[in-house]
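Every number for a ligand or one of its atoms is a count from 1 in the order of the listing. Sequence positions, counted from 1, serve as the residue numbers for this chain.
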Amino acid sequence: MKIYNTLTRRKDEFVPLEPGKVKMYVCGPTVYNFIHIGNARPMIVFDTVRRYFEYKGYEVNYVSNFTDVDDKIIKEAIEEGVDADTISKRYIEECKKDMEGMNIKPATKNPLATEEICGMLDMISTLIESGHAYAADDGTVYFRTKSFKDYGKLSHKNLDELQSGFREIKVTGEEGKEDPSDFVLWKPKKEGEPFWESPWCEGRPGWHIECSVMAKKYLGDQIDIHAGGEDLIFPHHENEIAQSEAANGKEFAKYWMHNAFLNIDNKKMSKSLGNFFTVREIGEKYDLQVLRFFMLSAHYRSPLNFSADLMEASKNGLVRILNSVDKLNGLLDLAPEGEMTEEERENEKQAAALKEKYEAAMDDDFNTADAISAVFELVKLANSTADENSTKAYVSLLKEMIVSLCDVLGIITEKKEEILDSEIEEMIAARQQARKEKNFALADEIRGKLLEKGIILEDTREGVKWKRA
Ligand code: AMP
Ligand code: ZN
């Protein structure tokens, strides 16, 4: 398998640190609002990377954090008149719902910055002891970039250039810096902000330190893959490398993977530009599988422009696959047992070649676009060769192949059972009747049945309200 490595700027052969195992760390979102579909791109892409490793037989330890202390969270909390914790907890829950909708596998661990402060204090102390960091008079702790000779190796920036660039920009409150390119590890609290005790001042961590600490704690000093969106290359990942390698004395991550942006009108989709759609909004118009399929229709290192037309095209493509699996399922019930015919054996070879084509595309730096076209060819083969006369062996071979290759892409091929609004209303009426008759067991059973179909009931003063999950 070949992976494009931002560090080496070429496709490198994947060799795991430990045979059969992959240790992967993916930088997660800052939780101050609903996630937008730009944030969803790395989630979908790296979940697919994980699934492909698992398909190949690797055991994957997948860690992805939630940044739950940050200026934006504090700002939102002040605006709403609640504490920062209320904001971050709320949006972690909402983010997890969106991830489930997009069929993202739960991570092995989702550490929270606020629960890892001790580890951060330890790493900062180690860095100070070895001269890689220093505390200024106001208690701010900075990383001394000049002390780390490899600074700039990921973003391929030269420290001298960086320093002259930084010299132009003077940040208020950071007057205690020895050098303009030094970055914050720990900063003093401001009025009304969450803070923790530390040897330097009451305060909170800088952003970069959390990922170095969490990766070390949950995966070890060295990991196979570190990933995130390309805006994280500098300064976030560059600073993570400096912190981790200076503290641990070992190469931090072997492969650095970065997805390109999801754009809208060829501009990066972002909260600050206001040109975004949340996953929640898209979920009201489409099954989130369509969003997932759309994201994977391009290679992860190519910019992808979001448009209604492309979403419609993805929806149609997805329906073609689901219909084909549906047809194969129907044929399976009728198909005769017994050996495959000679013609079927020939077709089986074609199917196997398409599976190889799919794997070759994925082995080549996770080229999901080409992998999807191999799936479409397989669907075409199934639609043109499987019929009422096909043997069970042949039909099930095609079906299993399509299902397993779609599963790697995180696409669920079984059609979801639809439930109409009128059926929901009828079931709610039956539940109300059961409650009137004090038959609470039946009422609960009906609520459970609705929940299984993704319908959530809420008993309010104005009566029962329902929504689709
Ligand atoms: P943030 O919450 O801004 O730290 O972002 C969380 C993740 O989403 C990071 O890996 C970002 O690089 C990624 N990200 C944010 N916006 C986009 C976008 N428009 N396209 C692709 N990735 C993005
Ligand atoms: Zn990170």
Side-chain angles (χ1 to χ4, degrees), residues 6 24-47 49 62-73 75-76 87-88 91-92 94-95 98-99 102 104 107 109-113 116 120 123 154-155 183 185 205-219 223 225-244 252-253 256-279 282 291 294-296 298-307:
T6 310
M24 214 173 151
Y25 186 94
V26 181
C27 292
T30 307
V31 276
Y32 65 103
N33 211 321
F34 289 96
I35 56 162
H36 63 70
I37 57 175
N39 302 132
R41 190 170 190 193
M43 290 176 180
I44 293 171
V45 162
F46 298 116
D47 177 64
V49 167
Y62 190 99
V63 176
S64 187
N65 65 313
F66 285 116
T67 299
D68 64 344
V69 55
D70 164 273
D71 290 345
K72 292 181 213 132
I73 301 174
K75 186 168 168 265
E76 183 66 31
I87 299 292
S88 57
Y91 290 114
I92 286 172
E94 298 299 348
C95 179
D98 287 337
M99 286 164 88
M102 295 185 289
I104 311 269
K109 176 80 191 167
N110 285 129
L112 308 182
E116 308 292 343
M120 297 191 217
M123 192 177 272
L154 180 73
S155 50
F183 60 89
L185 298 174
W207 168 35
H208 317 296
I209 192 75
E210 70 180 83
C211 291
S212 285
V213 167
M214 294 164 176
K216 180 181 171 78
K217 178 166 172 188
Y218 296 102
L219 297 169
I223 66 175
I225 298 175
H226 198 311
E230 65 183 8
D231 52 336
L232 301 187
I233 300 173
F234 189 86
H236 186 52
H237 287 165
E238 195 67 67
N239 292 353
E240 277 191 47
I241 292 181
Q243 296 162 159
S244 295
F252 180 28
W256 288 84
M257 295 180 73
H258 294 99
N259 64 274
F261 291 142
L262 178 73
N263 292 331
I264 191 156
D265 299 328
N266 297 311
K267 278 197 213 81
K268 181 194 173 194
M269 184 177 286
S270 76
K271 291 243 166 73
S272 52
L273 289 176
N275 60 350
F276 64 90
F277 291 107
T278 61
V279 171
I282 297 301
L291 180 66
F294 159 76
M295 293 280 188
L296 298 177
H299 188 268
Y300 75 92
R301 284 190 294 112
S302 306
L304 177 59
N305 213 36
F306 180 80
S307 74

Notebook entry, point to check: Nearest protein heavy atom to atom 4 (O) of ligand 1, by residue and atom, and its distance?
Noted result: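 Looking at atom 4 (O) of ligand 1, the protein heavy atom closest to it is T30 OG1, 3.8 Å.
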ask   = Among protein heavy atoms, which lies nearest atom 20 (N) of ligand 1, and at what distance?
value =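 Answer, as residue, atom name and distance: L262 N, 2.7 Å.
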So if I count the atoms of ligand 1 from 1 in the order they appear, which ones are less than 4.0 Å from some heavy atom of [X]?
X    : value
P29  : 2 (O), 6 (C)
N259 : 21 (C), 22 (N)
M269 : 16 (N), 18 (C), 19 (N)

Side chains of [X] and [Y]: closer than 4.5 Å at any heavy-atom pair?
X    : Y    : answer
Y218 : P111 : yes
P29  : F66  : yes
E116 : P205 : no
D70  : W207 : no
L112 : I92  : yes
V63  : N65  : no
M43  : V279 : no

Check each of [options] against [atom] and report the one with the nearest heavy atom.
atom                    : options          : value
atom 14 (N) of ligand 1 : G229, C27, G38   : G38
atom 12 (O) of ligand 1 : L232, D231, I264 : D231
atom 1 (P) of ligand 1  : V26, N39, I35    : N39

Worksheet item: Should P42 be listed as contacting ligand 1, given a heavy-atom distance under 4.0 Å as the test?
Response: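 A heavy atom of P42 does come that close to ligand 1.
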With respect to [X], determine whether any N or O atom, backbone or side chain, lies less than 3.5 Å from an N or O atom of ligand 1.
X    : result
A260 : no
R41  : no
G28  : no
G228 : no
W207 : no

Side-chain donor-acceptor pair present, H226, E240, cut-off under 3.5 Å
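Judged by distance alone, the side chains do pair up.
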| query | Does any N, O or S atom in H237 come within less than 2.8 Å of the Zn ion (ligand 2)? | reply |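 No, outside the cut-off.
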Distance check below 2.8 Å: does C27 bring an N, O or S atom to the Zn ion (ligand 2)?
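It does: C27 brings an N, O or S atom closer than 2.8 Å to the Zn ion (ligand 2).
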Check your understanding: With ring centroids as reference points, do Y62 and F46 lie under 6.0 angstrom apart?
Key ->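 Aromatic pair excluded; centres sit 6.0 Å or further apart.
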(request) Give, rounded to 10 degrees, the angle between SG (C211) and NE2 (H236) as seen from the Zn ion (ligand 2). (result)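 The two atoms form an angle at the metal of about 110°.
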Notebook entry, point to check: Of the backbone atoms (N, CA, C, O) and the side-chain heavy atoms from C-beta on, which set of H36 has a member under 4.0 Å from an atom of ligand 1: side chain, backbone, both, or neither?
Noted result: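 Side chain only; the backbone of H36 stays clear of ligand 1.
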